[in-house]
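Below: the structure, in structure tokens.
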Amino acid sequence: MSKVLIIGAGGVGTVVAHKVAQHPEVFTEIMIASRTQSKCDAIVKAIGNPAIKTAKVDADNVDELVALFNSFKPEIVINVALPYQDLTIMEACLKSGVNYLDTANYEPKDVAHFEYSWQWAYKKRFEDAGLTAILGCGFDPGVSGVYTAYAAKHHFDEIQYLDIVDCNAGNHHKAFATNFNPEINIREITQNGRYYENGQWVTTRPLEFHKPLTYPNIGPRDSYLLYHEELESLVKNFPTIKRARFWMTFGQEYLTHLRVIQDIGMASIEPINYNGMEIVPLQFLKAVLPNPQDLGENYEGETSIGCRIRGIKDGKERTYYVYNNCSHQAAYKETGMQGVSYTTGVPAMIGAMMFLKGLWKRPGVWNVEEFDPDPFMEELNKNGLPWHEVFDGDLEL
């Protein structure tokens, strides 16, 4: 029996549940758990599968998680809750003998900083327990790492330069909205940038460097250098890399709103006293911004995410660009969610499928690029995220 438990009932969790339900040959029993029971019930109703179980759980509470895991007895937990909750869910998995998968690395709630060290520290404990933990199995991180592993396996003897490029050319017709959890999104892009070059990490000011990059079927978009977690694992697992960077597009209207939010203190994560109550400005802002789950219906355009790689093959320099374009409207028609949730949720389902098929099953804690990329790449084409390749083109970087 291949039971799967999905923790998180936001936009990404909704997509994961939709895609998991499409593969009863792999996922024989499904449970969705969240702090909010009504969200779980809404997903089950949207999918139209009353056999899917639901549960209310506090993902910050290890004991509650353990009780749920021991009751349902899943073979793997797909964690699409908040990054703050990664460690409590991993602890509960170890106590219950359950395998683990997530889409974003751990981030402390009181510090806008993320790195893999906290989760990599669990490696021996998962090994000793005979359990597998798969880290960062969304799109970026996730597919970006699988793309890199696929390139290394098939197209390069030595990868030297890696640029991950993420463009959202969609229009949701809102003055300002984030495409995933506003608190996480704003924390991510307002902190210092960072990239890897010649064995060292170089720190930049937030969004200090930008340049226009041309995206397939979209055209040129101003792209900003920022830090993203998969860079940390990719330079570790592919030591021939001389430089690794991450670029993301932002429109000027978005950046103007973001600058005002910062200038008036609404991006702060430091608690303040308001009428005798302690509130965090960024959490309050999250409560008044549009819910990312509600953007899909009127969302037009598409995303384009990929890896631009330069290196050596058979003694000669080669460039390689592998990418996916995802339509917001196509994603909405299939799952009721917009393309950013779709591109994160589909890979999470595929990663769990890889584990349950025994293809990505290895005791310990692993990033996705440490597994065989080929079966994962095959499933991307089958599950709504087809990929395309450009050989020896102009990478613009």
(message) Can a donor-acceptor pair be found, under 3.5 Å and without considering hydrogens, that links the side chain of K361 to the backbone of L356?
(response) no
(request) State yes or no: do Y116 and L234 share one hydrophobic cluster built from I, L, V, M, F, W and Y residues joined by side-chain heavy-atom distances below 4.5 Å, directly or via other members? (result) no
(request) For residues I134 and G351, report the shortest heavy-atom separation together with the two atoms involved. (result) CD1-O, 4.1 Å
(request) Would you please indicate yes or no on a ring centroid separation below 6.0 angstrom for F355 and W360? (result) no
(message) Which residues pass the ring pair (Phe, Tyr, Trp, His ring centres under 6.0 Å) test with H155, not counting sequence neighbours?
(response) Y150, Y320, F391
(request) Could you walk me through whether N383 and H23 pass side chain to side chain donor-acceptor pair (under 3.5 Å), step by step? (result) CA-CA 10 Å; N383 287 281; H23 292 280; 2.8 Å; yes
(request) Kindly give the heavy-atom pair with the smallest separation between D58 and E64, and that separation in Å. (result) N-OE1, 3.0 Å
(request) Could you check Q85 against E107 for side chain to side chain donor-acceptor pair (under 3.5 Å), going step by step and ending with a plain yes or no? (result) CA-CA 8 Å; Q85 296 161 332; E107 182 175 346; over 6 Å; no
(request) Taking all heavy atoms of I32 and all of A17, pick out the closest pair and write down the distance. (result) CD1-CB, 3.8 Å
(request) In sequence, state the C-alpha distance, the side-chain angles, and the governing distance for V346 and V15, and then conclude on side chain to side chain contact (heavy atoms under 4.5 Å, CB included). (result) CA-CA 7 Å; V346 172; V15 173; 4.1 Å; yes
(message) Rounded at 0.5 Å granularity, tell me how far CD1 in I7 sits from CZ in R35.
(response) 11.5 Å
(request) For G306 and Y147, work out which heavy atoms get closest and say how close. (result) CA-CE1, 4.1 Å
(message) Between the side chains of K153 and D374, is the shortest nitrogen-to-carboxylate-oxygen separation below 4.0 Å, so that they form an ion pair?
(response) yes
(message) If we ignore hydrogens and angles and just use 3.5 Å, is the side chain of K73 paired with the main-chain N or O of N70 as donor and acceptor?
(response) yes
(request) Please check if atom NZ in K123 has more than 12 non-hydrogen atoms from other residues, nucleotides or ligands closer than 6.0 Å. (result) yes
(message) If only side-chain N and O atoms count, and only distance matters, is there a donor-acceptor pair under 3.5 Å linking S327 with Q329?
(response) no
(request) Walk me through it: do K124 and D128 pass the test salt bridge (Lys or Arg N to Asp or Glu O under 4.0 Å)? (result) CA-CA 6 Å; K124 188 172 189 309; D128 291 345; 2.8 Å; yes
(message) Set out, in order, the CA-CA distance, both residues' side-chain angles and the distance that settles side chain to side chain contact (heavy atoms under 4.5 Å, CB included) for L5 and L68, then state yes or no.
(response) CA-CA 10 Å; L5 173 60; L68 177 62; 4.0 Å; yes
(request) Could you tell me which non-hydrogen atom of Y321 sits nearest to which non-hydrogen atom of S304, and how far apart they are? (result) OH-OG, 4.2 Å
(message) Using the side chain to side chain contact (heavy atoms under 4.5 Å, CB included) definition, which of the options V165, D166, L213 pairs with S223?
(response) L213
(message) With no hydrogens and no angle check, just 3.5 Å: does a side-chain donor-acceptor pair link N217 and E302?
(response) yes
(message) Are more than 12 heavy atoms, taken from residues, nucleotides or ligands other than E25, located less than 6.0 Å from that residue's CD atom?
(response) yes
(request) Return yes when atom NZ of K45 has more than 12 non-hydrogen atoms of other residues, nucleotides or ligands closer than 6.0 Å, and no otherwise. (result) no
(message) Between K313 and E158 (salt bridge meaning N to carboxylate O under 4.0 Å), is one present in this structure?
(response) no
(request) Take R310 and L395, measure what side chain to side chain contact (heavy atoms under 4.5 Å, CB included) needs, and give me the verdict at the end. (result) CA-CA 8 Å; R310 181 154 51 101; L395 298 183; 4.1 Å; yes
(request) Write down the atom of A152, the atom of F238, and the distance for their closest heavy-atom approach. (result) CB-CE2, 3.5 Å
(request) Measure from the side-chain N and O atoms of T344 to the backbone N and O of V340, and report whether any donor-acceptor pair falls under 3.5 Å. (result) yes
(message) Before you tell me yes or no, could you show the steps for Y342 and E334 under side chain to side chain donor-acceptor pair (under 3.5 Å), namely the whole-Å CA-CA distance, both residues' side-chain angles and the distance that decides it to 0.1 Å?
(response) CA-CA 9 Å; Y342 191 88; E334 181 184 347; 2.7 Å; yes
(message) Whether the side chain of W247 engages the backbone of I164 through a donor-acceptor N/O pair (distance < 3.5 Å, no angle test) should be reported.
(response) no
(request) Indicate if L285 and M277 have the same hydrophobic cluster label, given that clusters are the connected sets of ILVMFWY residues with side-chain heavy-atom separations under 4.5 angstrom. (result) no
(request) In sequence, state the C-alpha distance, the side-chain angles, and the governing distance for H18 and M337, and then conclude on side chain to side chain contact (heavy atoms under 4.5 Å, CB included). (result) CA-CA 10 Å; H18 271 271; M337 294 295 130; over 6 Å; no
(message) Against P347, only a single residue in V143, V146, D140 fulfils side chain to side chain contact (heavy atoms under 4.5 Å, CB included); can you say which?
(response) V143
(message) If we ignore hydrogens and angles and just use 3.5 Å, is the side chain of S2 paired with the main-chain N or O of F27 as donor and acceptor?
(response) no
(message) Distance check, rounded to the nearest 0.5 Å: Y215 atom OH versus T303 atom OG1?
(response) 11.5 Å
(request) Answer yes or no: is there an ion pair linking K242 with E197, defined by an N-O contact shorter than 4.0 Å? (result) no
(request) Indicate whether the side chain of E369 and that of N237 have a donor and an acceptor atom separated by less than 3.5 Å. (result) yes
(request) Look only at the side chain of T335 and the backbone of A331, and say whether a donor-acceptor pair between them is shorter than 3.5 Å. (result) yes
(request) Say whether T190 and Q262, considering side chains only, have a donor N or O and an acceptor N or O under 3.5 Å apart. (result) no
(request) Could you grab the distance from atom CZ of F72 to atom OG of S96, nearest 0.5 Å is fine? (result) 13.0 Å
(message) For a quick check under 3.5 Å, do H328 and N168 share a side-chain donor-acceptor pair by atom type?
(response) yes
(request) Name all residues meeting the side-chain hydrogen bond (donor to acceptor under 3.5 Å, both in side chains) criterion together with W366; count only those two or more places apart in sequence or in a different chain, and write none if there are none. (result) none
(request) Establish, from distance only, whether the side-chain atoms of Y227 and N192 form a donor-acceptor pair under 3.5 Å. (result) no
(request) Just jot down the ring pair (Phe, Tyr, Trp, His ring centres under 6.0 Å) partners of Y254, sequence neighbours excluded, or say none. (result) F176, F250
(request) Return yes if a side-chain donor-acceptor contact under 3.5 Å exists between T214 and E396, otherwise no. (result) yes
(message) Among L135, L87, D86, which residue satisfies the side chain to side chain contact (heavy atoms under 4.5 Å, CB included) criterion with Y122?
(response) L87
(request) Run the salt-bridge test on R245 and D163 with the 4.0 Å N-O cut-off and return the result as yes or no. (result) yes
(request) Identify which one of W118, Y84, W120 satisfies the ring pair (Phe, Tyr, Trp, His ring centres under 6.0 Å) criterion when paired with Y106. (result) W118
(message) Taking the basic N atoms (NZ, or NE/NH1/NH2) and the acidic carboxylate oxygens, is any pair closer than 4.0 Å for R125 and E91?
(response) yes
(message) Has S144 got a side-chain atom pairing as donor or acceptor with P141's backbone, closer than 3.5 angstrom?
(response) no
(request) May I ask you to decide whether K357 forms a salt bridge with E379, counting only side-chain N to carboxylate O separations under 4.0 Å? (result) yes
